[in-house]
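Below is one structure; the comments refer to it alone.
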Amino acid sequence: MQDDSDKCKTRRLLNGVATLHTVADVLTRFLDVVIIMNIYISIKYLVQDRVRFWGRVLKSVPASRLTAILPISRVEAVGFELKPSGNGHSLTDKLTARYSLVKMPQVNMNQDNFPSTPGKVKMERSNYFGRVVNRWHGSSSARLFGFSVGLFMLTAFVFLMRLNTAGDWSLTDNFVAPVQAKWGDLVWQRKVRQSCQTKREDGLVVLVTGAAGFVGTHVSLALKKRGDGLVGLDNFNNYYDPSLKRSRQELLEKQGIFVIEGDINDAALLKKLFELIPFTHVMHLAAQAGVRYALENPGSYVHSNIAGLVTLLESCVKANPQPAIVWASSSSVYGLNTHVPFSESDRTDQPASLYAATKKAGEEFAHTYNHIHGLSITGLRFFTVYGPWGRPDMAYFSFTRDILRGKPITIYQGANKIDLARDFTYIDDIVKGCVAALDTAEKSTGSGGKKRGKAQFRIYNLGNTSPVTVPNLVSILEKHLKTKAKKDLVKMPRNGDVPFTHANVTLARRELGYEPTTDLTTGLKKFVKWYQNYYGVSGSRRTM
Ligand SMILES: O=C(O)[C@H]1O[C@H](OP(=O)(O)OP(=O)(O)OC[C@H]2O[C@@H](n3ccc(=O)[nH]c3=O)[C@H](O)[C@@H]2O)[C@H](O)[C@@H](O)[C@@H]1O
């Protein structure tokens with residue numbers, strides 16, 4: 001696991017990479033300009049070379065022959081050149097090569113024959129740029145062409161460098177890893193098809209986004225286990241240790257679940273997937289998670305939770321058949337709501353963090369796509385999900401790591417030293433809620449870009465219904481880890497945290513048959529067992 005100094009080093013390294021990106025960006029833009037200029041100059045000189053060439057050919061042909069073969073009335077024996085028939089200046093005139101044969105004027109090119117008065121143009125001097133270019137290129141089309149190719153290759157190289165390491169837009173932080181989709185070939189298509197094969201009658205065919213994430217992995221395994229067909233999609237970004245995501249991927253692939261490395265912002269990839277597979281459902285779990293990280297990197301939230309969501313919804317609208325969508329919203333949308341426990345009908349217009357705002361925005365986008373396009377959409381408001389294969393950025397996970405390492409943990413406290421509390425919900429309960437939402441989702445009503453009728457639109461809380469304070473969470477961990485924590489009690493900084501969450505799950509209970517069954521002590525026991533198995537008893541075997 002990374003300690004603080006490791007994190008600083010990583011940060012410095014990634015900042016360095018970001019600087020390199022900027023330099024590459026500027027260089028590419030510069031090369032873009034140079035190459036366009038060069039192509040223009042190449043064409044210009046190629047045309048001129050052609051004109052001179054035909055002029056020389058014509059000069060070598062006897063005048064009597066020329067009048068016989070060309071549609072001109074009079075040709076002089078010497079001093080001809082080809083001139084473009086339009087005004088000759090436009091590129092079209094040059095390229096369409098409509099030339100007529102005219103007599104070459106007998107001009108004495110001596111410099112002295114031209115005026116030098118200021119304001120009047122001196123022919124040779126005015127063409128300074130042309131002469132420089134002429135000398136530079138040696139008027140050789142072949143050399144010019146070679147030079148253009150060289151520049152083109154250099155530009156392509158810098159461009160590819162950017163492609164390899166970017167994949168995100170400018171607001172996205174350095175901490176989001178490069179995203180490079182590798183997809184489309186026949187082997188890839190075969191893997192996708194195989195992974196999507198159902199093993200039961202009327203099995204669902206699901207695209208699971210964020211499949212290598214915490215909830216995504218568990219939901220994928222549950223679907224596969226009961227015989228549904230599915231394929232995963234994940235960008236494997238490095239918001240937290242990507243090796244944990246790779247381990248989850250291994251776990252999935254052992255069960256025959258193929259996880260595509262790609263981003264939900266990649267519309268071409270999504271289009272290809274929907275062309276290949278008639279998905280019945282999309283389980284959309286890909287997101288930039290974490291409440292406090294939004295202060296550091298707001299762009300990555302906009303990138304995944306807003307732009308990515310819209311790209312995905314657009315792809316679902318265009319898909320035929322249109323899938324039903326179940327997606328992860330968050331308890332954080334309740335923000336500063338004080339009505340307890342939180343019900344779906346409570347206010348969600350007072351987000352306390354940018355993360356919450358992007359999830360709330362997601363709910364509004366979902367409604368719009370449901371209303372206009374007839375997409376069947378179900379949003380699930382998860383309440384602080386925890387468990388094996390969890391997220392290292394979350395409190396229960398990082399506390400476990402630090403307690404085992406003998407490092408102090410920071411416990412935030414609210415106003416008047418009030419303990420913060422969360423409705424911690426065990427992963428297996430969440431998975432049941434997700435699967436029930438998929439099973440009860442009605443079909444989307446749109447096709448061919450047209451809505452054929454009102455489509456289902458639902459939002460449910462998936463929580464545990466019994467909040468636990470953070471100090472209590474720590475006590476349970478201490479018991480399971482048989483180690484005392486070194487605690488730093490700190491006044492909650494203004495970081496987007498809310499003082500407590502508490503779910504009312506009446507609606508989910510009624511409509512999904514959702515019933516949380518795992519209390520925090522039991523759930524954390526399972527988590528600690530997994531943690532010590534995965535990282536070693538002292539938590540030091542693998543890096544994070
Ligand atoms: O359910 C949700 O809506 C959200 O739950 C979690 O967010 P959070 O509840 O903040 O979970 P943790 O990061 O594990 O924090 C739990 C509690 O521990 C506290 N905490 C966290 C970190 C720390 O060092 N010290 C500390 O006291 C937090 O203030 C919070 O009260 C997830 O990180 C979000 O992605 C998710 O959407």
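Counting convention: from 1, in listed order, for ligands and their atoms alike. In this chain, residues are counted from 1 in sequence order.
- At a cut-off of 3.5 Å, with distance as the only test, no side-chain donor of D423 or H502 sits close to an acceptor on the other residue.
- Protein heavy atom in closest approach to atom 24 (O) of ligand 1: T410 O, 3.4 Å.
- Listed by atom number, the atoms of ligand 1 under 4.0 Å from A289 heavy atoms are 35 (O).
- From the protein, the heavy atom lying nearest to atom 29 (O) of ligand 1 is D497 OD2, 2.6 Å.
- Under the 30°/60° scheme for interplanar angles, the aromatic rings of F500 and F342 are found to be tilted.
- Between F424 and F383, the gap from one ring centroid to the other reaches at least 6.0 Å.
- If you number the atoms of ligand 1 from 1 as listed, the ones under 4.0 Å from a heavy atom of I411 come out as 27 (O).
- Relative orientation of the H367 and F457 rings is perpendicular, given thresholds of 30° and 60° on the angle between their planes.
- Protein heavy atom nearest atom 20 (N) of ligand 1, with residue, atom name and distance: Y412 CD1, 3.6 Å.
- Looking at ligand 1, you won't find any N or O of V385 less than 3.5 Å from one of its N or O atoms.
- Distance from atom 7 (O) of ligand 1 to its nearest protein heavy atom, with residue and atom name: V291 CG2, 3.8 Å.
- Residue L420 approaches ligand 1 through these ligand atoms, each under 4.0 Å from one of its heavy atoms: 29 (O), 31 (O).
- Under the 30°/60° scheme for interplanar angles, the aromatic rings of W188 and W183 are found to be tilted.
- Of the protein's non-hydrogen atoms, the one nearest atom 17 (C) of ligand 1 is V470 CG2, 3.8 Å.
- Proximity to F399 (heavy-atom distance under 4.0 Å) selects the following atoms of ligand 1: 23 (C), 24 (O), 25 (N), 26 (C).
- Using a 4.0 Å cut-off between charged nitrogen and carboxylate oxygen, R226 and D228 count as a salt-bridge pair.
- For Y386 and Y426, the ring centers are positioned less than 6.0 Å apart.
- At a cut-off of 3.5 Å, with distance as the only test, a side-chain donor of N297 or Y293 sits close to an acceptor on the other residue.
- The ligand atoms of ligand 1 that sit less than 4.0 angstrom from a heavy atom of S332 are 3 (O).
- Contact atoms of ligand 1 toward R292: 10 (O), 12 (P), 13 (O), 15 (O), 21 (C), 22 (C), 28 (C), 29 (O) (distance under 4.0 Å to a heavy atom of the residue).
- Side-chain contact of Y334 with N461: a donor-acceptor pair under 3.5 Å is present, judged by distance alone.
- Ring geometry for Y531 versus F527: interplanar angle of 30 to 60°, hence tilted.
- Residue contacts with ligand 1 do not include F500, since none of its heavy atoms lies under 4.0 Å from the ligand.
- For atom 16 (C) of ligand 1, the choice among A395, S331, S330, A328 with the nearest heavy atom turns out to be A395.
- The closest protein non-hydrogen atom to atom 8 (P) of ligand 1 is R422 NE, 3.8 Å.
- In the candidate list M394, K359, Q288, R391, R391 is nearest to atom 35 (O) of ligand 1, counting heavy atoms.
- In terms of protein heavy atoms, atom 11 (O) of ligand 1 is closest to T384 CG2, 3.6 Å.
- Comparing heavy-atom distances from atom 36 (C) of ligand 1 across Y293, Y355, F382 singles out Y355 as nearest.
- Between the side chains of Y355 and Q288, no donor-acceptor pair is found at a separation under 3.5 Å.
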